[in-house]
Amino acid sequence: GNSVTQMEGPVTLSEEAFLTINCTYTATGYPSLFWYVQYPGEGLQLLLKATKADDKGSNKGFEATYRKETTSFHLEKGSVQVSDSAVYFCALARIGYQKVTFGTGTKLQVIP
Amino acid sequence: DVKVTQSSRYLVKRTGEKVFLECVQDMDHENMFWYRQDPGLGLRLIYFSYDVKMKEKGDIPEGYSVSREKKERFSLILESASTNQTSMYLCASVTTSQGNYGYTFGSGTRLTVV
């Protein structure tokens, strides 16, 4: 079956530090891949997506590249801000299927 | 801006009450979902619907039912609320007519059962 594995949190960084949150997946075929962000007390928001191998999704300074050979979709940001403190979820959806499979989430805390 | 709206942000209900959580989307999406989110357990799918009057069980349907009488509205029903149903409930929708480009989520309903 499909599964998503992401690094355990929490991750604590100082402002302006470089961020990497690792995500690997298992799926048949070629799924679409997503990163969602959840700010405290809110629902999830789609942060970025990639629909085929070697695609790079990007938004708000965050990037992730769909790596088919390593089945990975790591989230990166060059310089984090306090406002980036949130929980980040990696997820996948198989082509033609409605359901999205989520990782367990990684909490990021950025300190001034 | 496209939206998924959940009727309540916070609810407090008593054990044994019948509870209705409402979700409305304005994107003409055919698929709608109910998840619950608990610390350490991530998101767990309760039920989903891929069309009006159609529903399928997710991973944890026990103690819940759903209703989808109109395309834009998907209701989650707790038949007899229990304290172990205290949780954050998230509604989401997606269209797959041209591929799955990711869910749109509502803001969530934090339900406390006392």
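All heavy atoms count here, side chains included; hydrogens, waters and symmetry mates do not. A, B, ... follow the sequence lines: proteins, then strands. Residue 1 opens every chain.
Interface remark: L44(A) contributes backbone and side-chain atoms alike to the contact with chain B (heavy atom separation under 4.5 Å). Within the 4.5 angstrom heavy-atom criterion, no atom of Q45(A) approaches chain B. Only the side chain of L45(B) comes within contact range of chain A, with heavy atoms under 4.5 Å apart. Proximity to chain A (any heavy atom under 4.5 Å) is restricted, for Q37(B), to the side chain, taken from C-beta onward.
In the displayed structure, E8(A) atom CD is contacted under 6.0 Å by at most 12 heavy atoms of other residues, nucleotides or ligands. In this structure, Q81(A) places its CD atom where more than 12 heavy-atom neighbours from other residues, nucleotides or ligands lie under 6.0 Å away.
Both L47(A) and V11(A) are part of a single hydrophobic cluster, where members link through side-chain heavy atoms under 4.5 Å apart. There is a path of hydrophobic side-chain contacts, each under 4.5 Å, that joins L92(A) to Y88(A). Using a 4.5 Å cut-off between side-chain heavy atoms of Ile, Leu, Val, Met, Phe, Trp and Tyr, with links allowed through other members, Y89(B) and I60(B) fall into the same hydrophobic cluster. One hydrophobic cluster holds both L78(B) and M32(B) under the rule that ILVMFWY side chains link at heavy-atom gaps under 4.5 Å. Y35(B) and L41(B) fall into different hydrophobic clusters, where Ile, Leu, Val, Met, Phe, Trp and Tyr residues are linked whenever their side-chain heavy atoms come under 4.5 Å apart, directly or through other members.
Interface residues of residues 68-79 of chain A toward chain B, defined by a heavy-atom distance below 4.5 Å: none.
Taking 4.5 Å as the limit, some side-chain heavy atom of K99(A) sits within range of a side-chain heavy atom of F33(B). In this structure, Y103(B) and F34(A) have side chains that are not in contact, with every pair of non-hydrogen atoms separated by 4.5 Å or more.
A salt bridge links E42(A) to R9(B): one of the charged nitrogens lies within less than 4.0 Å of a carboxylate oxygen.
Among pairs with a residue in residues 41-53 of chain B, those fulfilling side-chain hydrogen bond (donor to acceptor under 3.5 Å, both in side chains) read D38(B)-R44(B), S49(B)-R68(B), K53(B)-E69(B), at least two apart in sequence or across chains.
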